[in-house]
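A note on names: the letters A, B, ... follow the listed sequences, proteins ahead of strands, and every chain is numbered from 1.
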Amino acid sequence: MTHVLDDLEARGLVAHSTDRDALRAELSEGPITYYVGFDPTAPSLHIGNLLQILTARRLQLAGHKPLLLVGGSTGLIGDPKEAGERVMNTKETVADWVNRIASQVSRFVDLDGANGATIVNNLDWTAGLSTIDYLRDIGKHFPVNRMLARDVVSSRLESGISYTEFSYVLLQSMDYLELHRRHGCVLQTGGSDQWGNITAGVELIRRADGDKVHALATPLITKADGTKFGKTESGTVWLDPELMSPYAFYQSWIQAEDSKVVEYLRQFTFLELHEIARVEAEHVQKPGLRAAQRRLAAEVTTLVHGAEETAAAELAARALFGRAELEDLPEATLAAALREAGAVDLLAADQPTIVDALVATGLADSKSAARRAVGEGGAYVNNERVTDPELVLAGDLLLHGSWAVLRKGKRSISGVSVS
RNA sequence: GGCAGGUUGCCCGAGUGGCCAAAGGGAUCUGACUGUAAAUCAGACGGCUCAGCCUACGCAGGUUCGAACCCUGCACCUGCCA
């Protein structure tokens, strides 16, 4: 069987690691305990976090025991980022997000069995910590000159950084130390942007307890243009269906660039590498079929939202983007597809125009933008380009007497039900 | 506390009394080409009851026929000095 570290490397999931041979040996010797942390900075995790969850899952499948940490305390402090000081959220908000994220994260791992995952919250060991103990036991191990040299910190020295955020690295390091002591945790994984925080923890454990532990970082996932992956035009790709519908989630994957889709298959799915190679061969032959994108979207959407939601998203995509004439679709199929894609109810009595509908569905931000879209030839009703901004959605335009498929550009689709 | 500089549309950034809804770049959107891909080219890119009107250049007030641009006060940011 392939060594889990080889699998991670082959999938392009290893950007940095501490002593790789030592880590390899330790992973081979028997089950180890490792951890990955998630800070509650929003009510939901996003696909950047998903990569970390899936990496943790891969290690669990190899027999190791995951500790999934939710940052009840670190979320109150805020990891410094280059953009500038974070706005602090209230304790109530953070506590709420902690619960949401804990339940989100637990769906991706096994909680039972010998190597069942444990969800931990760092608030448990920091809430009651006295300032004096913190400064004596933890602070003493952190030379400020070294802290200042860290990239994020030095980049913030001009614009300013609060003592609160400056201290963040101590809390995360303390987490690793605590989990090492409580659970024998010897590996922390995370994104490469966390590398500094993670190795600071490794260092703390060496200084405080004299133990050698490991760190493993995944690379920053980027889009073809080099920008950070995980954002669409409309924002972050969330895992919570309340924040992003399974249909929209599916769409965000199906729109993956040709040059990136195979990488994503390796990083975000559990497909065997030889299977991915087969998909790649097909993709190289006929990229126009977008088979790799379809496979990617189906696999990841199933992981996050389940088979049923994925089937619905696929059906909607096929119906709305397919070659079939919309008129030929049975009403039930059309209605289901449009509800899935996001549909809005309008009143026939209001004589809604194409402009009104574009705004109501959110395809356009304002009436001006909607008029502009029509003027540019970028607005379509039932796949027919519309040129008159005053066109009223009524009569023969409506499929089965009430439905209209509204499209702006080539990939933004929304439904309208007029009654 | 003193001195100097700054605060412009989603972001960066020009503009220093009328020709400014505001140069240029980025991001974004649309079209052509296409495959719900990329690249390229072209156009758009505050709002509205849209050939006109309204709102906008940190906030409040003032000067002026007219202010993003001048004056006063306030807030915040940066640098230098204490």
Point to revise | Quiz item: A/Gln255 side-chain donor-acceptor pair to B/U36 base, under 3.5 Å | key: yes
Open item on the list: Under 4.0 Å, heavy atoms only, any strand: does A/Lys408 hit a base, just the sugar-phosphate, or nothing?
Closed with: sugar-phosphate
Exercise. Test for a donor-acceptor pair under 3.5 Å between the base of B/G43 and the side chain of A/Glu376, counting only N and O atoms.
Key: yes
Practice problem: Would you indicate what A/Ala379 reaches in the nucleic acid, counting non-hydrogen atoms under 4.0 angstrom: base, sugar-phosphate, or nothing? | Solution: nothing
A/Arg411 has its side chain closest, among B/G43, B/A37, B/C45, to B/A37
#### Entry: Same-atom distance (P) from B/A68 to B/C74, integer angstrom
23 Å
Parallel, tilted or perpendicular: rings of A/Phe268 and A/Phe229 (30°, 60°):
tilted
From the candidates B/U36, B/G31, B/G35, the one with an atom nearest any side-chain atom of A/Ile254 is B/U36
Heavy-atom nearest pair, A/Glu9 first then A/Val14, reads CG-CG2, 3.7 Å
Point to revise | Rounded distance in Å between the P positions of B/A60 and B/A14 | key: 25 Å
Partner of B/G5 under the Watson-Crick or G-U wobble criteria, both distances under 3.5 Å, comes out as B/C77
Taking for A/His283 and for A/Lys367 the nucleotide of RNA chain B with the nearest heavy atom, the one nearer the 5' end belongs to A/His283
Report yes if the distance between the aromatic ring centroids of A/Tyr168 and A/Tyr163 is under 6.0 Å, otherwise no. no
Run the ring-centre check on A/Tyr176 versus A/Trp125 and record whether the distance is less than 6.0 Å.
no
Q. Do the side-chain N or O atoms of A/Tyr264 get closer than 4.0 angstrom to the phosphate oxygens (OP1, OP2) of B/A37?
A. no
Q.
With a 4.0 Å cutoff (strictly under), does any side-chain N or O of A/Arg371 reach OP1 or OP2 of B/A44?
A. no
For B/A22 and B/C53, measure between their P atoms and round to the nearest Å.
14 Å
Just to be sure I understand the rule, does A/Ser259 reach a base, reach only the sugar-phosphate, or reach nothing, if contact means heavy atoms closer than 4.0 Å? nothing
*Assign A/Tyr250 to base, sugar-phosphate, or nothing according to its heavy-atom contacts below 4.0 angstrom with the strands shown.*
nothing
Ranking A/Arg407 and A/Ser366 by the position along RNA chain B of their nearest nucleotide, the one closer to 5' is A/Arg407
task: Between B/U78 and B/C71, how far apart are the P atoms? Round to whole Å, please.
output: 25 Å
Q: May I ask you to say what A/Arg290 touches in the nucleic acid, namely base, sugar-phosphate or nothing, with a heavy-atom cut-off under 4.0 Å?
A: base
Regarding the side chain of A/Ser368, the nearest nucleotide among B/U36, B/C48, B/G31 is B/C48
**OP:** Provide the distance between the two P atoms, one in B/G15 and one in B/G66, to the nearest whole Å.
**Re:** 26 Å
Inset, instruction - Sticking with atom P, work out how far B/C70 lies from B/G17, rounded to a whole angstrom. - result: 8 Å
Next item on the list: For A/Gly378, report the nucleic acid contact type (base, sugar-phosphate, nothing); a contact means any heavy atom under 4.0 Å.
Entry: sugar-phosphate
Looking only at atom P, what distance separates B/C10 and B/G58, rounded to whole Å?
13 Å
Regarding the side chain of A/Glu257, the nearest nucleotide among B/U36, B/C48, B/A38 is B/A38
Give a yes/no on whether any side-chain N or O of A/Lys410 is located under 4.0 angstrom from OP1 or OP2 of B/A37.
-> yes
Check every strand shown and say whether A/Arg294 touches a base, only sugar-phosphate, or nothing at a heavy-atom separation below 4.0 Å.
nothing
Here the pair of heavy atoms bringing A/Thr269 nearest to A/Arg58 is O-NH2, 3.0 Å
Salt-bridge criterion met for A/Arg278 and A/Glu282 (N-O under 4.0 Å): yes
_Distance between C1' atoms of B/A67 and B/G2 (Å, rounded)_ = 32 Å
